[in-house]
Amino acid sequence: MFDFWYKNGKVFNSEAGIFEEKDLFVKDGIITEAAVGEKIEAKTVIDAKGKYVVPGLIDEHLHLDLNGSMIGVNGDTVCVPNGITTACDGGTCGASNFPQFYNSNIIRYEAHTYSYINVSTFGNKSLCIHEEDHDPKDFREDLIEQRFKKYPETLRGLKVRMCKGTLGDHGMAPLYRAIEISENLKKKGYHCPIVVHYDNLPSNVTVEELFDALRPGDIIAHIYQTKEETIFLPDGSIHPAVLRARERGVIMDDCHGRVHWSIEHLKQAVKDDFLPDIISSDSVRISEYVRPGFSLIYAMSMLSAVGMPTEKILQCVTINPARALGITDKAGSLKAGAPADVTVLDISDSDMILPDFWGDEIKANKLFIPLLTMIDGRVAYRQIFF
């Protein structure tokens, strides 16, 4: 007998990027299959007729250090009701304060929680007058390595913020030093891409220099940001260095937030067929459930409104971030043997008006509405009407 039987739903095959008319079974916290001719019985039957059964959503970049920083959200209230079963903190903490974050938040959150670690020893200081120190001489490789040694499964990369607020006169030096540290950690067997916060670049750093420095598997966040030099040339086409980076295997993260995108840029990206590889919320304390930041679901609905196909959107919040994080054995798909992290969505037609931070707005076409969130075979959230 199965523990759960999802029947009549449209099951999303994340690797193929298609929906399949099939049933889904869960036993002992694992996705399983019914044997040919087996009489199907289950303790709980979930009728998902007309709904979409997808792998538990992954929010690859948000800030989760609740009470330990000025920007941390509560992972339990931001993730589970939004269908998110796996989350990765976007480098809120550095080597000095990561243990506090791990003990206070990561191990108690309902969703599976991973983290990037900031190259700055004390981590992200957003909302302060002075941003974190990105002087490469102050990057403590010894402490960073200690953290990776103690938390090898949790830590998923090294965060660098490339913007005026952090770089000062250092130019590209912080990124080059971070890449050096990353290479050393990779040689020791750790999963350690560089994750770049790309924002208003200072005059001594160009898009070409930034993107040409990145390696396959590195992630660049806020790909559609609007300040200073963007990925778009004056004619609206994509900068050649950005295209070269994608061809090399650099991962492009929408990393939505509030101020790091515009409807104009999203429309242009769709026109140029330059879709993101990952969609993440970049949720922080002042933007959770506040439009236009709101949540991962808002980002997905916004990208649908500008013309991104539903199947591509779902891949960007399931299998693609799982690959980037190196956790495809734990998340991102509904294949037999995978942990039973399942989200049921209603993908409904809508003409709701969606605004951006800059005063523009667009009419939605679809809203992604979480109906049920299952984590490790346990129903952690369910709408009363489903």
Side-chain angles (χ1 to χ4, degrees), residues 1-59 75-87 108-114 295-297 300 310-311 313-323 325 327-348 366-386:
M1 177 178 288
F2 299 108
D3 295 322
F4 291 90
W5 175 10
Y6 292 86
K7 61 187 302 186
N8 302 323
K10 299 174 184 178
V11 177
F12 186 59
N13 181 327
S14 59
E15 294 178 318
I18 59 174
F19 290 105
E20 299 173 328
E21 300 285 345
K22 59 183 288 187
D23 292 347
L24 189 76
F25 304 96
V26 174
K27 185 174 178 60
D28 298 328
I30 301 295
I31 303 295
T32 188
E33 294 179 340
V36 176
E38 178 182 359
K39 181 181 179 181
I40 299 175
E41 295 180 306
K43 297 174 184 176
T44 301
V45 176
I46 298 172
D47 188 350
K49 184 176 182 180
K51 311 304 179 186
Y52 299 82
V53 182
V54 307
L57 304 186
I58 301 173
D59 195 343
D76 288 331
T77 59
V78 166
C79 292
V80 180
N82 287 293
I84 297 162
T85 61
T86 298
R108 72 172 181 82
Y109 281 145
E110 184 89 9
H112 308 292
T113 304
Y114 300 88
S295 70
L296 181 64
I297 297 299
M300 294 163 63
T310 297
E311 292 84 354
I313 290 171
L314 290 175
Q315 286 185 308
C316 285
V317 294
T318 55
I319 191 63
N320 290 359
R323 288 170 175 156
L325 294 168
I327 56 169
T328 53
D329 59 330
K330 300 178 179 70
S333 75
L334 294 176
K335 60 187 177 185
D341 292 348
V342 183
T343 297
V344 180
L345 296 171
D346 184 9
I347 305 177
S348 63
K366 296 182 184 300
L367 296 180
F368 296 82
I369 304 171
L371 301 176
L372 181 146
T373 307
M374 171 177 280
I375 301 175
D376 284 337
R378 188 187 83 84
V379 176
Y381 170 82
R382 190 170 185 174
Q383 287 278 11
I384 192 170
F385 55 81
F386 177 70

Looking only at heavy atoms, which two atoms of [X] and [Y] are closest? And how far apart?
X	Y	result
S14	I319	O-CG2, 3.4 Å
P339	I30	CA-CD1, 4.2 Å
A322	A331	CB-O, 3.4 Å
G377	V26	CA-CG1, 4.2 Å

Looking at side-chain heavy atoms only, is the closest gap between [X] and [Y] below 4.5 Å?
X	Y	answer
E38	F25	no
D341	H112	yes
V342	I31	yes
L345	L314	yes
D76	R108	yes
F386	I369	no
K51	I46	no
D59	C79	no

At what distance, to the nearest 0.5 angstrom, does [atom1] of [X] lie from [atom2] of [Y]?
X	Y	atom1	atom2	value
I347	L367	CD1	CG	10.5 Å
N320	T328	CG	OG1	11.5 Å
E33	D23	CD	CG	12.0 Å
Q315	S333	CD	OG	12.0 Å
I18	E311	CD1	CD	9.5 Å
I384	L371	CD1	CG	13.0 Å

**Asked** Salt bridge between K43 and D3, side-chain N to carboxylate O under 4.0 Å?
**Response**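 Answer for the salt bridge query: yes.
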**Prompt:** Should the pair R378-E110 be classified as a salt bridge under the 4.0 Å nitrogen-to-oxygen rule?
**Reply:**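 Counted as a salt bridge, because a side-chain N and a carboxylate O are separated by less than 4.0 Å.
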**Request:** Compute the centroid of each ring, for F12 and then for Y52, and state whether the two points are separated by less than 6.0 Å.
**Result:**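 So the answer is no for these two rings.
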**Asked** Are Y109 and V80 close enough, and set up right, to give a side-chain contact (heavy atoms from CB on, under 4.5 Å), and what steps lead you there?
**Response** CA-CA 10 Å; Y109 281 145; V80 180; over 6 Å; no
**Message:** Under a 3.5 Å distance rule, please check whether D47 uses its side chain to pair with a backbone N or O of K49 as donor and acceptor.
**Reply:**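 Flag set: sc D47 to bb K49 pair under 3.5 Å.
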**Message:** Could you walk me through whether E20 and K10 satisfy the side-chain contact (heavy atoms from CB on, under 4.5 Å) test, starting with their C-alpha distance in whole Å, then the side-chain angles of each, then the deciding distance to 0.1 Å, before giving a yes or no?
**Reply:** CA-CA 6 Å; E20 299 173 328; K10 299 174 184 178; over 6 Å; no
**Message:** My understanding is that only one of D346, V54, T310 makes a side-chain contact (heavy atoms from CB on, under 4.5 Å) with F368; could you say which?
**Reply:**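 Running side-chain contact (heavy atoms from CB on, under 4.5 Å) over D346, V54, T310 with F368 returns exactly one hit, T310.
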**Trace of the side-chain contact (heavy atoms from CB on, under 4.5 Å) decision for N82 with L57** = CA-CA 8 Å; N82 287 293; L57 304 186; over 6 Å; no
**Message:** Is there a side-chain contact (heavy atoms from CB on, under 4.5 Å) between Y381 and I375? Walk through the geometry before answering.
**Reply:** CA-CA 9 Å; Y381 170 82; I375 301 175; over 6 Å; no
